[in-house]
Amino acid sequence: MDMPNEPEATGTKTASGRDYLKLWHRDSWFWPYLRQNKLRLVLIFFLGVMTFVCASGLMFTSGYLISRSARHPYNILMVYVPIVLTRAFGLGRPAFKYAERLASHNWVLHVVSKLRVQLYKTLAKDAAFLNEHERTGSVLSLLADDLDHLENFYLRTIFPTIVAYAMWVLVTLLMGVFSWTSSLLLFLALAVVLVLIPLISLNFSTGHYVLEKEGQRAQYTAITESYLGLSDWVIAHRADDFTRLAALDFTRVRDSKSRQKDFDRWRNFAIQMVFALIASGLMVGAVFTMTATKDIANWAAAVVLAVFPLVDCFIAVAQAAAEVPLYSDSIAHLNDLTDRVESRQEPEAKQVKLDGPVRSIDFDHVTFSYGPGQPVLLDDFSLHVEAGRKVALLGPSGEGKTTILQLLLGDLKPQSGRVLINDVPVEALQSQRSELFGYLNQEAFLFNSTVAENVRLGRPDASDDQVWDALKAVELDEVVRELPEGLDTSVEEAGRRFSGGQRQRIALARIVLKNTPVILLDEPTIGLDPITERSLMAMIFSAASSRTLLWVTHHLQGLEQADEVVFLQDGHIAIQGAPSELYRTNPRFRELYRLDAGDIRTSMAVSR
Amino acid sequence: MIDKSLFTFDSVRSRLGLLAALAFAQALCVVAQAYGLTLGLVEVWRQHSLSAIVVPLAIFLGAYLVRQLCDVGKARVANRYGERIIAQLRPELQRKVFTLGPSALADRGTGSTVTMLIDGLDQVKDYIEILLPRMMDMTFIPLIVLVFVWTQDWVSGVVLLAMFPLLIFFMVILGMAARDRSNKQYAQFRILNSKFVDSILGLPTLKMLGVADDYEDEIYSVSERFRKRTISVITVAMTSTFALDFFATLGIAIMAVFLGVRLVDGTIDLMPSMFALILAPEYFLPIRQFGENYHATLNGKNALHDAMTFLDTPEPPQDDTLEWDGWNEDSELTISALDFAYPKTKADGDTSVGGGVAMKAVEQQRDDEDGAADASSTPTTNALTDISLRFHGYEKVAIIGRSGAGKSTLANVLAGFDIPQSGRIELDGRRLEHFNVTAWQRHIAYIPQTPYTFSGTIADNIRFYEPDASREAVGRAAHEAGLDSWLSQLPEGLDTLIGEGNRGISGGQAQRIALARVLVDQSREVLLFDEPTAHLDIETEYELKQTLLPLMERHLVVFATHRLHWLADVDQVVVLDQGKVVQAGRPTELIGAGGPLDALINQMGGNQIDGYAQ
């Protein structure tokens, strides 16, 4: 499938400059934001430029001040202007810097707010992506990391570079006031620092970035695996092999980082030497052009000294360029996401309103596989469910039980055949799907907010009484009443405050509150112990009383509560019927049922 | 500012000495560079010709070059040293993880330990690499620069000297204010920031509930609240950098004006004043750099502290002297009056999270209704109390009880991962204090609910206990563990890569690989299972059981489970409740006797289907 296969963008060792340009050409995550809020951006750049103008100006005016003063002017008023300017620049530099930092952070965080909404909206469009539950968690948090990287891209690369380039223009122009040839030479020398060296730096770090990223992933995998399998390592007494894991993959990354750091150091050294040459060149130039009169000679020290504070401004550009591969990678991820989502958008079927309550659900000769070459999960599958029936779907894992639910929801489309509610295709009912279906999966997701907010997601305008009723229906009302802040108690991260069974019941309370006519259950009791499992299923069946229920399960226990059992095998229905009937007529069903129910006497008879 | 544990590392003193020497040399170069520059500028000011500035320029360029080289050298020394330290620490930490064992790791959290070992140590490296040279710079450069400025013009010297304490004072005061403020806001800060990740992770749920669109506005407003908080913290945090900058530039400006005024008076010459002026920024540079990097190194400092604390964690007792050559049909293990409680920190942590009496009541209820999610949240102080058991020969023992009764804990104690506080253990006539005994562990296999498979080939996974096992042995074990039909579907068979980034495997296959692992190593006669089939679907469970039953012969098998059907196949059943053995004996004798086992069976599996009794 076309998942974000990270190596695709970075697989070649050196992405050329053209690759970067191509990446940004079709970008919808980065450039658009630089085009908004232009005034604020201009202000940020202005503040950035002023910081360095003041730094440079301080040395310039003080250089002039003492040069001029050393000519012993008649009185102090002759140097009054440079004195004032020295003070002004001295105060201006930190003030502008402070203001620039605040303004830029404010701007960036504002953009982050918008980026978050954009990411959320993009993901929300892509139902199929969200359904690949296994990887969803880690992929989603990676995307959140990508947004953080973008934040740094603005702050650490874009802003300093723009400020440096503005200073480049400014310095060249100011130099032109004294001498055009010097101005040209200075322009060229700075071009080395601001264009040539950054490009070399970018080229160098691109290769290293790929290598380090892969190495780091290998580190995480090796260490995490070793910890998850620690009990095996301990029992195997392989202490030395285990310890060696903390060295193996690390040397590769370390060496690469070392080389990168060495490169950075010598690069900065080179830049420093360019500045030493610029200063020397200016001094030599001053000998030729500024020694004509005393008045002109007074400016020489000012010009030369003004260069040094600019080192900080210009040296940042090369480092900024070295970080571009990281940021491009993040931008590429986000843009790939957008592309994928947009390519999957299908023309929306014309939506219709369901004619009254749900009467029946039909799978009409449905065939489905995830794509060519993938196993056929459903092969000419037909099932008719009358409203109010409780149907259990069973079968070995990987047999498309969950797929049936996704087809019914309309998240997946069959290759052939139709999925119908009251004879209306489900594609045409997408605008009502949340009113039609309640869904409880293996692990309910609780948001890190209060109990009430979590339950109320089922119906945002529900009153407190209604929330209490829903909690009562899932027998959690007593528990919640005992909590320190009742309904307003936090469920904590991932619902940690509650046990697994309680978390499922809170999710069930949402469905109760929502009061949907159809309830879909995807192995809601997996990982719970038998006692909890039994009580949860009993509760679900009582809450579902008159509604339609499709229940994917891998256990047979509690199955007697269903009206109908459907066994899937190889995409077909292998066994179908009422549970008590099957129990009487199908020996395999009986054997599995007894095994699952833990009937010791019969199992003993079977095994012994 | 600096962690004392830094001084316990190898050859830290010699590295610091080298860095100090380089910083000292650099300081002299800074002075020489300024001298050359001043001399040149004064010559230009005097309107002299090019020849007059050749020597000053050469001094300037030479000193500048050496100075930058010193910088490169310091960075390299510090970088290599940082790498060396973490290259030492990393295996030490890893070995510590091993000696502390799985229980301690679970307590600390797998994720946070991985982070400590990888990201944490990277931060430690940054900390060492930035802090050491900056410290040496701070020690030498301002001092030497000040001495030279003073020799040129004592007034300027006084200005610079006076600025220094002021600068430090404000930096510290404002830094502390900023820290207080951000500490106060930290909790809210984190909640607001994690809310976004939360809603992204919960997006499938939101979509299913049809409220995904409403959440868009929520995301925006939460992010904006986050922005306002961040800015208010940054506003304070940046004032310390501001103060640093402010006093540094103010110092230079004051100096320049003082110098200007006295030059007008003629009480000072151009040469010394320009020299002092050019040196002034160099005086402030080290502390400004330190201030800018200081926050970046804080994480590293904390990470170092974490790592050192972890290395100092007391290790569980281990016995590798006991001689015992394995379990046979006459072997006997007796345990009497064994008590085990989780370390205090864990219990305390749980109650403080719960928040007092009310929470305890809830937890109690949680236990009553659901069985707690895991043993750690039971409020009982002892996880196991007064456990007495006797295992004999190739017996099969089921340990059963509801969730949180202590089944897994008992399995962990038997595997040696948890050390009991008291109790008498006798293994074939030898007294043991605990099960963290090399000789014992060499003869057991521990198979958890989800056995872990490592990235690598299936064969390597099967070879785990016996890395030198032959291909034939591996193939035979795979066959016995029932992997044949799966392997025959794989083009590369036993050489198929599994694990992260490779072919995924199902729970049943993982169990079979774990079984094959045991089969390769014939010396593992004791099998400890912790809920081996709880996660499997009923058909897979049924098939796995058919494979497992013959393999259990000629082994001592201890089986923690809540799947009742296993009771038909065991010789002894031990019923645990709240960490105590409430019943033990042959299943045939206990079932139907009306004891705790019957009560449990009733609760767990008492459902009836029409016609069940037939």
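The figures that follow rest on heavy atoms only: side chains count, while hydrogens, waters and symmetry mates do not.
Chosen from B/Asn412, B/Leu259, B/Val42, B/Leu61, the residue pairing most often with chain A at heavy-atom distances under 4.5 Å is B/Leu61. Contact count versus chain A (heavy atoms, under 4.5 Å) is highest, among B/Ala243, B/Ala75, B/Gly101, B/Gly210, for B/Ala75. Counting heavy-atom pairs closer than 4.5 Å to chain A, the top-ranked of the candidates B/Ile254, B/Asp214, B/Leu250, B/Leu117 is B/Leu117. Ranked by heavy-atom pairs under 4.5 Å with chain A, the first of B/Arg262, B/Glu129, B/Glu541 is B/Glu129. For the options B/Ala248, B/Gly251, B/Pro451, B/Pro102, heavy-atom pairs under 4.5 Å to chain A are most numerous at B/Pro102.
Looking at B/Leu244, neither its backbone nor its side chain comes within 4.5 Å of chain A, counting heavy atoms on both sides. Both the backbone and the side chain of B/Thr235 come within contact range of chain A, each with at least one heavy atom under 4.5 Å from a heavy atom of that chain. Heavy atoms of B/Ala212 lying under 4.5 Å from chain A belong to its backbone as well as its side chain.
In this structure, the side chains of A/Arg101 and B/Phe242 stay at 4.5 Å or more apart for every pair of heavy atoms.
Ring centroid separation for the pair B/Tyr452 and A/Trp233 does not come in under the 6.0 Å cut-off.
Salt-bridge annotation for B/Asp521 and B/Arg442: absent, with no side-chain N of the basic residue lying under 4.0 Å from a carboxylate O of the acidic one.
Between B/Tyr542 and A/Glu591, the side chains place a donor N or O and an acceptor N or O closer than 3.5 Å (distance only, hydrogens not considered).
For A/Arg238 and B/Phe464, the positive end sits near the middle of the six-membered ring, less than 6.0 Å away and at most 45° from its axis.
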